[in-house]
Amino acid sequence: MRKILSLLTVLGLVLILSVGTIGSAPADTIKIGVLGKSVHPYWAVVEQGMKDAAKLFPEVEATFYVPTTEDIQKQISTLESWIAQGFDGIAFAPSDPDAVISVIKDATERGIPTLTIDTDAPKTDRLLYMGTDNYTAGTIAGKKMAEVLGGEGQVVILTGSLTAMNSLQRIQGFKDALEGTDIEVLTTLNDREDAARSLANAEQALTTYPELDAFFGVYAYNGPAGAKALKGAGIDPGEIKVVCFDTTDEHLMLIDEGYIQATMGQRQYFMGYHSVSLFYLMAKENVDNVLMLLPRTEDGDIVVDTGVDVVTKDKLGWYCEQMDKWGVKSEFC
Ligand code: BGC
């Protein structure tokens, strides 16, 4: 509750400040950058959130970029370019948290506030993390898997990174939740955020492990890749289970068809939206006054948790209502 109140206070201030600019002389442009991890409808929703928030503030010029697949060099060069252009705030989702330490230090030294979204980099100078609590979400996925498998079976994990913290935390949470069950994780297959490679990995797993009972899909395209491999192999919906992350139209359709049993929604719209609202406020107010309002963990770090929505077949109607409330468009709904 305190978290929600703090965010509401921040938003209240944002709106007061934005209304306060109406009718005044055009102010300096506030340049905000949002950097994602790979091209996918998941990130398109983050971009939509960023654009919707930017529309509220005429001075804001918001830029969004994602590499095609996992590409830390491209992420670093984008950050360098935004820093050189003197951006006023940068939100980033690093594919490798250690690789961005020095570029983020550079941003801080030049007075550019930064925050992580979607996946964290706590060793950098970033001011805060905003996104899903990935370890917790992984444990929720693990418990769901144990439930749909009735406590026993063999699972293959499909993921898009073995360096990004969100992937590692989800996998750790998932495995921890399976302790004490008779569920065995056979292997973890990395595709480096390449959906075609993920499909090939899932197809290969079906051949290599004829006793396979389930896929755990860590990134947005991994669950659908598992489901497509099952369809392609002529396996009936539900015969081999899929528990995964994210809620694109493709996920919702595959849940409806019975190929995916459960998926973890991340409310990523708000990662884009609040990156803009927070940086706007930091530019207008000052950084410390904004940070003061945000929730702190026990060790003093600032974490804005966007939450986890567990979507199953019986929750599809409810989830469509949520998306409608947020203004996130869906062909499925
Ligand atoms: C993750 C992102 C990733 C995306 C890939 C999401 O589940 O949170 O980090 O880039 O999947 O589509």
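Just so you know, ligand 1 is whichever comes first in the structure, and atom 1 is the first atom listed for that ligand. Index from 1, following the sequence.
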Please lay out, stage by stage, how E147 and K143 fare under the test salt bridge (charged side-chain N to carboxylate O under 4.0 Å, His left out).
CA-CA 6 Å; E147 186 189 313; K143 284 184 195 146; over 6 Å; no
With heavy atoms under 4.0 Å as the rule, classify the contact between Q268 and ligand 1 as side chain, backbone, both or neither.
neither
At under 4.0 Å between heavy atoms, is it the side chain or the backbone of N166 that contacts ligand 1, or both, or neither?
side chain
If you measure only the distance, is there a donor-acceptor pair under 3.5 Å linking the side chains of D194 and T69?
no
Any idea which protein heavy atom is nearest atom 10 (O) of ligand 1, and the distance to it?
W43 NE1, 2.8 Å
Contacting atoms of ligand 1, where contact means under 4.0 angstrom from a heavy atom of H40:
12 (O)
Check each heavy atom of E70 against ligand 1 and say whether those closer than 4.0 Å belong to the side chain, the backbone, both or neither.
neither
Ring centroids only, cut at 6.0 angstrom: are W326 and F270 within range, meaning strictly under it?
yes
Can you confirm whether the side chains of D120 and T116 place a donor and an acceptor under 3.5 Å from each other?
yes
Is there a heavy atom in M165 that sits closer than 4.0 Å to ligand 1?
no
What I want to know is whether E193 and ligand 1 share at least one N or O pair that is separated by under 3.5 angstrom.
yes
Short version for Y219: what comes under 4.0 Å of ligand 1, heavy atoms counted, is both
For atom NZ of K315, is the number of surrounding heavy atoms from other residues, nucleotides or ligands below 6.0 Å larger than 12?
yes
Among all the protein's non-hydrogen atoms, which is closest to atom 8 (O) of ligand 1, and how far away is it?
D118 OD1, 2.6 Å
Need the ligand 1 atom indices (1-based, order shown) with element for anything under 4.0 Å from a heavy-atom of D246.
6 (C), 7 (O), 11 (O)
Evaluate A220 for polar contact with ligand 1, using N/O atom pairs at a separation under 3.5 Å.
yes
Counting from 1 in the order shown, the ligand 1 atoms closer than 4.0 Å to a non-hydrogen atom of K37 are 2 (C), 3 (C), 9 (O), 10 (O)
Hydrogens and angles aside, do D314 and T312 bring a side-chain donor and acceptor to less than 3.5 Å of each other?
yes
Verify whether one side chain among D324 and Y319 offers a donor that lies under 3.5 Å from an acceptor in the other.
no
Are a donor atom and an acceptor atom from the side chains of T207 and E203 found within less than 3.5 Å of each other?
no
